[in-house]
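Below you will find the structure I want to go over with you.
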Amino acid sequence: MNYWLIKSEGDCYSIDDLKKDMKSPWSGVRNFQARNFMRDRIKVGDLALFYHSSSTNKDLPNGVYGIAEVASSPYTDESAFDKKDEHYDPSSDKRRVESLKNKIPFEPTWVLVDFAFKKKFDTPFTLSEIKIDPKLDGMLVRQKGSRLSIQPVSEKHFNYIVTKRQ
DNA sequence: GCCAACGTTGGC
DNA sequence: GCCAACGTTGGC
């Protein structure tokens, strides 16, 4: 089993939204490294820290707000083909249209997995706490300019954060 | 709202 | 294949 950290902007899709929906397709990832994690390494049942980023709300500081569970295998992210979607990708749509026209197999550029709600922490484990805790040395999210929206987390770090919030 | 850091694009 | 320019992310 692997552990992950998934980022979302709190104003955009929060842990409360996931709790309400119970399960959500993690669409809109347009970064190749993050895509590769979903396509090649993420497995059903893997657990992920749910991280809120870029918060301008003082009551919702950046940090880990709870836990989500991987609830599907990777599948095509259809939003890449939707002109009205904010994550529309013309080049991937063009590839798809060409493949349909020429009746050749198509490997979608962008895939996604579903995440299911697992748990919300009573209090978030904030980024500032993560940064000062020696037990969390080496966590990717601590690195300045860590822009990966899906990143691996070690079992040790995962368990440490979860235990601290139980 | 600013700006540094990063990934991606496009011209050469 | 390099690298400058660009757009986006994310912390403050």
Side-chain angles (χ1 to χ4, degrees), chain A residues 2-19 21 24-42 46-68 70 74-99 106-115 117 120-121 123-154 157-158 160-162 164-165:
Chain A
N2 287 311
Y3 298 91
W4 307 93
L5 180 146
I6 55 174
K7 286 187 198 170
S8 180
E9 296 189 22
D11 315 330
C12 184
Y13 193 82
S14 71
I15 186 132
D16 290 324
D17 293 325
L18 184 62
K19 187 176 182 180
D21 297 341
S24 174
W26 212 249
S27 66
V29 171
R30 298 290 180 267
N31 171 285
F32 289 108
Q33 222 182 329
R35 189 277 314 265
N36 292 347
F37 286 137
M38 286 200 286
R39 195 186 57 187
D40 306 330
R41 287 184 53 192
I42 287 181
D46 281 359
L47 297 176
L49 300 170
F50 194 110
Y51 181 91
H52 283 186
S53 66
S54 293
S55 176
T56 49
N57 183 346
K58 281 252 188 321
D59 301 327
L60 290 172
N62 291 350
V64 176
Y65 280 71
I67 305 168
V70 178
Y75 59 99
T76 306
D77 184 349
E78 298 288 337
S79 71
F81 312 136
D82 180 357
K83 285 189 176 62
K84 279 175 256 149
D85 193 278
E86 64 170 317
H87 299 292
Y88 173 58
D89 179 1
S91 62
S92 108
D93 192 27
K94 194 162 163 252
R95 279 185 58 216
R96 182 191 59 128
V97 170
E98 287 295 309
S99 75
F106 173 64
E107 285 288 320
T109 307
W110 304 113
V111 298
L112 56 76
V113 298
D114 293 343
F115 279 99
F117 175 79
K120 185 186 175 184
F121 295 156
T123 49
F125 203 109
T126 64
L127 180 62
S128 41
E129 287 176 84
I130 289 172
K131 281 191 165 167
I132 58 167
D133 197 323
K135 287 276 200 315
L136 296 176
D137 273 354
M139 259 190 98
L140 283 176
V141 77
R142 270 169 61 148
Q143 290 173 12
K144 199 177 180 188
S146 160
R147 294 172 53 173
L148 252 188
S149 59
I150 298 177
Q151 48 185 257
V153 172
S154 74
H157 290 158
F158 183 90
Y160 179 77
I161 287 177
V162 171
K164 280 255 169 180
R165 283 297 177 270

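In what follows, every chain begins at residue 1, and chains take the letters A, B, ... in the order their sequences are listed.
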Is there side-chain contact between A:P108 and A:R35, with at least one heavy-atom pair below 4.5 Å?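 No, their side chains stay 4.5 Å or more apart.
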Could you give the CG-to-P distance, from A:D11 to C:dG10, as a whole number of Å?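 It works out to 13 Å between those atoms.
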Using only side-chain N and O atoms of A:Y51, determine if any of them is under 4.0 Å from OP1 or OP2 of C:dG11.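 So the side chain of A:Y51 is within the cut-off, an N or O lying under 4.0 Å from OP1 or OP2 of C:dG11.
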Is A:K7 near enough to C:dG10 that one of its side-chain N or O atoms lies under 4.0 angstrom from OP1 or OP2?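 For A:K7, the contact criterion (side-chain N or O under 4.0 Å from OP1 or OP2 of C:dG10) is met.
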Can you measure A:H87 atom NE2 to C:dT9 atom C1' for me and round it to whole angstrom units?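 Atom NE2 in A:H87 sits about 12 Å away from atom C1' in C:dT9.
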Quickly work out the A:Q143 CD to C:dT9 P distance and round it to whole Å.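 Checked: the CD to P distance equals 19 Å.
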Rounded interatomic separation in angstrom, taking CZ from A:R30 and P from B:dT9: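 About 12 Å, once rounded to whole Å.
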Specify the separation, in whole Å, of atom CG of A:L140 and atom P of C:dT9.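 Interatomic distance, CG of A:L140 to P of C:dT9: 19 Å.
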Indicate, with a heavy-atom threshold strictly under 4.0 Å, whether A:S149 touches base, sugar-phosphate, or nothing.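 No contact at all - A:S149 keeps every heavy atom at 4.0 Å or more from the nucleic acid.
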If I take atom CG in residue A:L148 and atom C1' in nucleotide C:dG11, what distance separates them, rounded to the nearest angstrom?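 Atom CG in A:L148 sits about 16 Å away from atom C1' in C:dG11.
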A:E98: salt bridge (Lys or Arg N to Asp or Glu O under 4.0 Å) partners, not counting sequence neighbours: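 Counting only residues at least two positions away or on another chain, A:E98 forms a salt bridge (Lys or Arg N to Asp or Glu O under 4.0 Å) with A:K101.
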The side chain of A:F32 is closest to which nucleotide in this list: C:dC12, C:dG10, B:dT8?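 The answer is B:dT8, which lies nearest to the side chain.
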Please report the distance, rounded to the nearest Å, between CG in A:L5 and P in C:dT9.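 In whole Å, C:dT9 P lies 17 Å from A:L5 CG.
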Minimum-distance nucleotide (side-chain atoms of A:Q33 versus C:dG10, C:dG11, B:dG7):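 Nucleotide nearest to A:Q33's side chain: B:dG7.
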With a 4.0 Å cut-off, would you call A:R30 and A:D77 a salt bridge?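 Salt bridge flag = yes for A:D77 with A:R30.
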Just to verify, what does A:W26 make a side chain to side chain donor-acceptor pair (under 3.5 Å) with, not counting sequence neighbours?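 Result, side chain to side chain donor-acceptor pair (under 3.5 Å) vs A:W26: none returned.
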Quickly work out the A:I6 CD1 to C:dG10 C1' distance and round it to whole Å.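 Those two atoms, CD1 and C1', are 17 Å apart.
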Within the structure, does a side-chain N or O atom of A:N62 lie under 4.0 Å from either OP1 or OP2 of C:dG11?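 The answer is yes; a side-chain N or O of A:N62 sits under 4.0 Å from OP1 or OP2.
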Keeping the roles fixed (side chain from A:D133, backbone from A:I130), state whether a donor-acceptor pair exists under 3.5 Å.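 Here the side-chain-to-backbone pair does not exist.
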